[in-house]
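Beneath this line is the structure, given in C-alpha cells, with notes to follow.
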Amino acid sequence: MNDPTTAQEIVIYADGACRGNPGPGGWGAWMKSGAHERELFGGERLTTNNRMELTAVIEALAALKRPSVVTIYTDSSYVKDGITSWIRGWKARGWRTADNKPVKNIELWQRLDALNAGHKVQWRWVKGHAGDPGNERADRLANRGVDSLI
C-alpha cells in the first residue's frame, strides 16, 4: 500500500434499506474527499437488510481507484462488528461461525475482506435515524436504490 501520509483521505457514509426482510432492498453511499463528493446507490429485488448494508460498503470501497485512508460510518453493528471482530474467527474456522454454522452472506464478507485489505480503513458506528447528516444522506440514497426498482 502507498505511504498513508500521502494516500487520499476519504470519508464514506454507507447504509442499506429493505422493504420487507427479505424483500426489495437498496444500498447507498456518500463519499467525500476534500471538496469532492460522490453518491452511489443501487438495489436488488429480493434481498435482506444485512445484505444491503454490506453491499453499500463494498460498492463504496470498490469505487476507490487507489489505496486510500478511509473512515467508514455505518449504522450497522452487523457490518462494523463483522469486519472488525468476527471475521478473524470466521476465517480461522474455515468461514464457520462459533457454533459451527456456515457464515451467512459469505460471498459478500469475502469481497469486503479483500477490499478492506487494500486500504487503511477506520470503521465507525453511528446511530441510525438520529440526525447525523452523513447517515441521513446515505439512508436517502439507500431508499433511492429501493425506489429505482419500482
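Sequential numbering from 1 along the given sequence is applied to the chain's residues. Values below: every heavy atom of this structure, side chains too, minus hydrogens, waters and symmetry copies. Bear in mind the structure is a predicted one, so any value in this text is a computation, not a measurement.
Ile106 is connected to Trp86 through a chain of hydrophobic side-chain contacts under 4.5 Å among Ile, Leu, Val, Met, Phe, Trp and Tyr, so both are in one cluster. A continuous path of ILVMFWY side-chain contacts below 4.5 Å connects Ile10 to Val79, so both sit in one hydrophobic cluster. Hydrophobic clustering, with ILVMFWY side chains joined whenever heavy atoms are under 4.5 angstrom apart, keeps Leu64 apart from Val69. Hydrophobic clustering (side-chain heavy atoms under 4.5 Å, transitive across Ile, Leu, Val, Met, Phe, Trp, Tyr) keeps Val146 apart from Val57.
With respect to the salt-bridge test (charged N to carboxylate O, under 4.0 angstrom), the residues Asp147 and Arg140 do not qualify.
Across all their heavy atoms, Ala29 and Ala60 have their closest contact at CB-CB, 3.9 Å. For Ala62 against Arg111, the heavy-atom pair with the smallest separation is CB-NH2, 3.6 Å. The nearest pair of heavy atoms linking Gly23 to Cys18 is O-SG, 3.7 Å. Closest heavy-atom contact between Leu40 and Ala63: CD1-CB, 3.9 Å.
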Query raised in the report: Stepwise, does the side chain to side chain contact (heavy atoms under 4.5 Å, CB included) test hold for Lys80 with Ile72?
Result: CA-CA 9 Å; Lys80 183 190 172 286; Ile72 297 178; over 6 Å; no

Report task. Tell me, with the steps shown, if Asn135 and Lys127 meet side chain to side chain contact (heavy atoms under 4.5 Å, CB included). Result -> CA-CA 8 Å; Asn135 179 257; Lys127 186 174 182 177; over 6 Å; no

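Within the hydrophobic cluster formed by Ile, Leu, Val, Met, Phe, Trp and Tyr side chains joined at under 4.5 Å, directly or through other members, Tyr13 is accompanied by Val11, Trp30, Phe41, Tyr73, Val126, Leu141.
Side chain of Arg88 to backbone of Thr84: a donor-acceptor contact under 3.5 angstrom is found. In this structure, the side chain of Ser68 does not engage the main chain of Glu9 through any donor-acceptor pair within 3.5 Å. No donor-acceptor pair closer than 3.5 Å links the side chain of Glu37 to the backbone N or O of Lys32.
Here CE of Met52 is found 11.5 Å from CG of Asp15. Values are rounded to the nearest 0.5 Å. With values rounded to the nearest 0.5 angstrom, Arg19 atom CZ is found 9.0 Å from Leu149 atom CG. Here the straight-line distance linking atom CH2 of Trp125 with atom OG1 of Thr74 works out to 10.0 Å at 0.5 Å rounding. Note that CG of Leu61 and CD1 of Ile12 are 5.0 Å apart. Values are rounded to the nearest 0.5 Å. The NZ atom of Lys104 sits 9.5 Å away from the OG1 atom of Thr97 when rounded to the nearest 0.5 Å. Expressed to the nearest 0.5 Å, how far CG of Asp139 lies from NE2 of His129 amounts to 4.5 Å.
Looking only at side-chain heavy atoms (C-beta outward), Ile58 and Trp27 stay at 4.5 Å or farther from each other.
Under the side-chain contact (heavy atoms from CB on, under 4.5 Å) criterion, Asn105 pairs with Asn50, Arg51, Leu54, Tyr78, Leu108, Trp109, not counting sequence neighbours.
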